[in-house]
Each structure stands twice: as structure tokens, then as C-alpha cells.
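Take a look at the structure set out below.
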Amino acid sequence: FNKRGIEPDPKLILYCEPDTQCGFQTTRELLINRPDVTAILAFNDLVAVGALQACQKLKRGEPDEIAIIGFDDIPLASLVTPSLC
């Protein structure tokens, strides 16, 4: 972050259980409170799938309006629309 002059905002670091339900709930709360968010870095693909579902529910045009990144490359990641892979 610092090479680009970006300082991390601790208020944007949210914690949740590593599952889709928590990813959905946490992302929903984040986007309601901070509609200016343009990217989400999830710590695994299950949370990223939940984040994707929250974006769709809130009509945030992922990937045009918000980028979602997940980790661990589980098979489910390629089955959601748009895919996470």
C-alpha cells in the first residue's frame, strides 16, 4: 500500500467466519455503511462467494462497480456468475 501512497483504513478491515453466510452479511453491512467501496479482498473463496451474493442483492454491478478477490481456488469459485476465477 505505501508504495502507492495508500494508507490502509482499519475501519475497512472486517472480520467474519470463513463461510458464505458471513461473507454475505459482512459485505452487506459494509456496502450499506460505505457505498464508496470499490473492491473487496476476501480471505477465502467462500467469503468471496458470499460477498458476490451481497453485491448482487444490493444491485452493485460486480465486476463493473466493485471488484471481489478470493483465495484458495475452490471448485465453487468457477460456478458462480460472474466466476471468481
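For the numbers below, each heavy atom of this structure counts, side chains included, while hydrogens, waters and symmetry mates do not.
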Any idea which heavy atoms bring Gly70 and Ala48 closest together, and the distance?
CA-CB, 3.8 Å
Do Pro18 and Leu46 have side chains that get closer than 4.5 Å, going by heavy atoms?
no
Just by distance, do the side chain of Asp72 and the backbone of Asp45 share a donor-acceptor pair under 3.5 Å?
yes
Show me the donor-acceptor pairs within less than 3.5 Å that the side chains of residues 10-17 make with the rest of the protein, sequence neighbours left out.
none

Show which side-chain atoms of residues 20-31 pair as donor or acceptor with protein atoms under 3.5 Å away, not counting sequence neighbours.
| unit_1 | atom_1 | unit_2 | atom_2 | d |
| --- | --- | --- | --- | --- |
| Thr26 | OG1 | Cys22 | O | 2.9 |
| Thr27 | OG1 | Gly23 | O | 2.7 |

In short, Glu65 meets Lys59 closest at the heavy-atom pair OE2-O, 4.2 Å
Which value, rounded to the nearest 0.5 Å, describes the distance between Leu58 atom CG and Gln53 atom CD?
12.0 Å
Do any pairs count as a salt bridge (Lys or Arg N to Asp or Glu O under 4.0 Å) and have a residue in residues 48-57, sequence neighbours left out, and if so which ones?
none
Would you give the length of the straight line joining atom CD1 of Ile40 to atom SG of Cys55, rounded to the nearest 0.5 angstrom?
4.5 Å
Taking only residues two or more places apart in sequence or in another chain, which ones pass side-chain hydrogen bond (donor to acceptor under 3.5 Å, both in side chains) with Asn33?
none
If you link ILVMFWY side chains whenever their heavy atoms are less than 4.5 Å apart, which other residues fall into the same cluster as Val47? By chain and number, please.
Phe43
Once rounded to the nearest 0.5 Å, what's the spacing between atom CG of Leu52 and atom CD1 of Ile66?
10.0 Å
